[in-house]
Structure formats: structure tokens, C-alpha cells
Amino acid sequence: LLEALRKRMDFFGSMGCKVSDHGLAYVMYEPASDDELEQIFCKRLSKEHISVKEERQFKTGLLIALGREYHKRDWAMQLHYGVKRDNNGKVFAELGPDAGIDCINNFTPSAELADCLNALACTGQLPKTLLYSLNPSGNAAIGTSLGCFQDSGAIGKIQQGRAWWTPR
């Protein structure tokens, strides 16, 4: 999976890409070893059930691996979260995703955001990062978290953005 994603990043990089964009319900952090991640991936490929913990471990491992790749490529990593998508089943069935039926998700654990950023910072592989949430109550947590991870690698290395779907 990671090799396939690297190849896609190579292609997008060849086309001038410099920014990733991850839309998440929230930034989670549930670390696992490489062997555990491989076992989870194989289970899922075999259509076996994976637990909530395994899902969180896999998502964490994937985001950390992607963050390392972005750092190597000097790409910025955007993480936007705090949204619950496609809430009205009738409208979704008629119009599909992105039909304006999203709402605020108020589950945004800032401790896990900090732990995720820290996992990359500890190895010197935290890419330039842009953080934003649809939930305005998360803004203070984002603001204090980004201050913890600034370094001399880039001016304003970690920044708080504004979700594209909010009014200007």
C-alpha cells in the first residue's frame, strides 16, 4: 500500500503538487508496530473484521507514514477535521456526497492531535502542516498545539488555517 501511495505521490509531484489534504473526523493517535500494522492490513484484505482499536492503529500508522513522505518531498500536510459528513440519507441517495449535508463534529481530542504531530517531530520528519476544523470550539486547541511544534525548518512551519467551507 505504501509503495503504491509513493508512486502516486511521485506522479502528483511530477505535476507540481506540493500539498496534501486529509479530511478526517478527528486526528487520532493509536500507535502500533510495523508488524501489527501489516497484520491489520492483511486481515482487512482478507475481509476479516478488524476492531475499532485496529482501525485506529492502522489510520494512525498510515497518517504517520504519509507525513514522513510529505516531509521528504517538502510537501505541506493539511489536516482538516471536526466535520460529520453526509448526514441526510435521503439527500445523499439523491445527490451523492458533498451535497451540503455536513455538520460540526464536536469530538476533537486535541491530546491525540498533539501526540500525532509529536510522533513525526520526534524523528525530525514533521512536514509543514496546516490545521483547521469546522468546529470553532477546536480553534484554541489548534492554536496552542501548533505553537508546540514550530522549529527552524520553515517559517510558520505549523499553521492554523480556515476551513474552506466556512463563510469568508
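Worth knowing before you read on, the calculation uses all heavy atoms, side chains too, and leaves out hydrogens, waters and symmetry mates. In this chain, residues are counted from 1 in sequence order. This is a predicted model, so every value here is computed, not measured.
In this structure, the side-chain contact (heavy atoms from CB on, under 4.5 Å) partners of Ser33, at least two apart in sequence or on a different chain, are Asp35, Glu36. Remark: Lys72 pairs with Glu69 by the side-chain contact (heavy atoms from CB on, under 4.5 Å) rule, at least two apart or across chains.
Taking every heavy atom of both residues into account, Ser110 and Ser145 meet most closely at O-OG, 4.4 Å. The shortest non-hydrogen separation linking His71 to Leu126 is CD2-O, 3.4 Å. Of all the heavy atoms in Tyr29 and Arg56, the pair that sits closest is O-NH2, 3.6 Å. Across all non-hydrogen atoms, the minimal contact from Cys116 to Ile64 is O-CD1, 3.6 Å. The two residues Gly82 and Thr108 make their nearest non-hydrogen contact at CA-CG2, 3.9 Å.
In this structure, the side chain of His80 does not engage the main chain of Leu134 through any donor-acceptor pair within 3.5 Å. Here the side chain of Glu112 pairs no donor or acceptor atom with the backbone of Pro109 at under 3.5 angstrom.
The hydrophobic cluster containing Val83 does not contain Phe92, counting ILVMFWY residues as joined when their side-chain heavy atoms lie under 4.5 angstrom apart, directly or transitively. If you chain together hydrophobic residues whose side chains sit under 4.5 Å apart, Leu5 and Leu45 fall into the same group. With hydrophobic clusters built from ILVMFWY side chains whose heavy atoms lie under 4.5 angstrom apart, Ile155 does not share a cluster with Leu146.
Applying the salt bridge (charged side-chain N to carboxylate O under 4.0 Å, His left out) test to residues at least two apart or on different chains, the pairs with a partner in residues 114-138 are Asp74-Lys128. Sorted by first and then second residue, the pairs that involve residues 142-158 and meet salt bridge (charged side-chain N to carboxylate O under 4.0 Å, His left out), not counting sequence neighbours, are Asp151-Lys157.
Proximity of Thr129 to Leu120: side-chain heavy atoms (C-beta onward) are nowhere separated by under 4.5 Å. Inter-residue side-chain proximity for Leu66 and Trp75 is flagged as unmet; no heavy-atom pair is nearer than 4.5 Å. Side-chain contact check for Leu95 versus Ile101: every heavy-atom pair is 4.5 Å or farther apart. Within the 4.5 Å cutoff, the side chain of Lys59 has no heavy atoms near those of the Leu24 side chain. You'll find the side chain of Phe58 stays beyond 4.5 Å of the side chain of Glu54, heavy atoms only. Under the 4.5 Å side-chain criterion, counting only non-hydrogen atoms from C-beta, Pro136 is in contact with Ile104. When side chains are defined from C-beta on, Leu79 does not count as touching Leu130, because their heavy atoms never get closer than 4.5 Å. The shortest distance between side-chain heavy atoms of Leu131 and Gln160 does not fall below 4.5 Å.
Met28 belongs to a hydrophobic cluster whose other members, connected by ILVMFWY side-chain contacts under 4.5 Å either directly or through intermediates, are Tyr26, Phe107.
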N/O donor to acceptor pairs below 3.5 angstrom from side-chain atoms of residues 13-20, sequence neighbours left out:
residue, atom, partner, partner atom, Å
Ser14, OG, Phe11, O, 2.6
Ser20, OG, Ala76, O, 3.3

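In this structure, Asp34 places its CG atom where only 12 or fewer heavy-atom neighbours from other residues, nucleotides or ligands lie under 6.0 Å away. Residue-environment remark: CZ (Phe149) exceeds the threshold of 12 foreign heavy atoms within 6.0 Å.
In this structure, SG on Cys148 lies 9.0 Å from CG on Leu117, to the nearest 0.5 angstrom.
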Discussion item. Set out, in order, the CA-CA distance, both residues' side-chain angles and the distance that settles side-chain hydrogen bond (donor to acceptor under 3.5 Å, both in side chains) for Ser133 and Asn135, then state yes or no.
Written reply: CA-CA 5 Å; Ser133 175; Asn135 187 346; 5.5 Å; no
